[in-house]
Amino acid sequence: MQQSGGTRFVSVRFGNVLGSSGSVIPKFQKQIEAGGPLTVTHPEITRYFMSIPEAAQLVLQAGLMGEGGEIFVLDMGEPVKIAELARLMIRLSGHDEQRIAIEYTGLRPGEKLYEELLADSETTLPTPHPKLRIARAGRPDPEVIRACLAWLAIAGATAEDEVKQRLSTWVPEYVPQGVGQHGLKS
């Protein structure tokens, strides 16, 4: 989207923001208050976390540093096992797993065990800020972009299977529902 002399487009990628809407922390707090159980999709599922002030500061920093066209990736530190986070919250609330259990509900369709901030083909470059890097994303094929835009202009109401088929053609990392990563049905 970046064109010389126009609006500066800068993107930022990062994981979960603690305390934001959709964060697991408030969900676990409510489940503890209700007497449990704490629901976790899978014992091995991991996610990256950062605080709201840290996320906001890094987004603003990326906006200041960006010249246009960059994709900034925030240093999220080490991923956290959600089951370990649940255990910690149970202990911090003064309980144990005999009083408040952890229940594994199974991965949801399309959900991955491990969060990926970069595609397999991407690398990053350093910036002056130690917690910001710039993703070296591959350039999309202009013919693919033209085909995608042409299809979107005429597609209208399209069957879900066709949308998934088109996405899997245009987005190499996209895996339609069915047998997904790790051999798990998604």
Side-chain angles (χ1 to χ4, degrees), residues 2 8-33 36-97 100-139 171-175 180-184 186:
Q2 185 62 48
R8 290 185 310 149
F9 290 94
V10 176
S11 301
V12 180
R13 290 186 199 160
F14 53 93
N16 301 283
V17 178
L18 292 170
S20 65
S21 66
S23 173
V24 72
I25 303 287
K27 176 185 171 187
F28 283 169
Q29 286 174 323
K30 286 180 184 173
Q31 290 176 337
I32 289 169
E33 289 168 8
L38 270 62
T39 55
V40 177
T41 57
H42 191 281
E44 296 300 315
I45 198 161
T46 62
R47 292 292 181 261
Y48 291 96
F49 291 97
M50 66 181 358
S51 69
I52 291 172
E54 184 179 24
Q57 181 184 34
L58 291 173
V59 168
L60 290 171
Q61 197 71 37
L64 286 171
M65 291 170 48
E67 295 178 19
E70 299 94 347
I71 301 171
F72 286 90
V73 180
L74 306 186
D75 177 354
M76 297 294 298
E78 294 298 315
V80 174
K81 278 191 175 183
I82 301 300
E84 289 301 317
L85 178 61
R87 285 185 190 90
L88 178 61
M89 289 190 66
I90 290 169
R91 282 195 308 274
L92 289 173
S93 70
H95 301 292
D96 59 33
E97 285 183 65
I100 297 181
I102 296 174
E103 181 180 295
Y104 297 103
T105 59
L107 292 174
R108 295 176 294 241
E111 186 175 24
K112 295 179 177 182
L113 284 177
Y114 308 102
E115 202 164 37
E116 302 169 54
L117 296 176
L118 294 172
D120 291 341
S121 62
E122 293 178 317
T123 59
T124 62
L125 299 170
T127 70
H129 194 289
K131 295 199 90 174
L132 286 174
R133 298 191 60 83
I134 297 175
R136 291 184 52 140
R139 294 277 178 214
V171 183
E173 298 84 10
Y174 174 70
V175 178
Q181 258 198 326
H182 311 293
L184 299 172
S186 58

With a 4.5 Å heavy-atom cut-off, do [X] and [Y] have their side chains touching?
X	Y	answer
F28	L88	no
K27	T39	yes
Y104	P43	yes
D75	R133	no
L38	I90	yes

Self-check item: Backbone of L113 reached by a side-chain donor or acceptor of R47 within 3.5 Å
Solution: yes
Self-check item: Contacts of E115 that satisfy salt bridge (Lys or Arg N to Asp or Glu O under 4.0 Å) - sequence neighbours left out
Solution: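 Residues passing salt bridge (Lys or Arg N to Asp or Glu O under 4.0 Å) with E115: none at all.
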Practice problem: Taking side chain to side chain contact (heavy atoms under 4.5 Å, CB included) as the test, write out the residues that go with E54, two or more places apart. | Solution: M50, S51, L58, K131
Self-check item: For A135 against R13, the heavy-atom pair lying closest together
Solution: CB-NH1, 4.4 Å
Quiz item: What's the shortest heavy-atom distance between V10 and G68, and which atoms?
Solution: CG2-N, 4.2 Å
Looking at [Y] and [X], is any side-chain nitrogen of the basic one under 4.0 Å from a carboxylate oxygen of the acidic one?
X	Y	answer
E44	K81	yes
E33	K30	no
E111	R108	yes

Quiz item: Can F72 and T127 be said to form a side chain to side chain contact (heavy atoms under 4.5 Å, CB included), step by step?
Solution: CA-CA 9 Å; F72 286 90; T127 70; 4.0 Å; yes
Practice problem: Determine the sole option in L18, V17, I25 for which the side chain to side chain contact (heavy atoms under 4.5 Å, CB included) test with F49 is passed. | Solution: L18
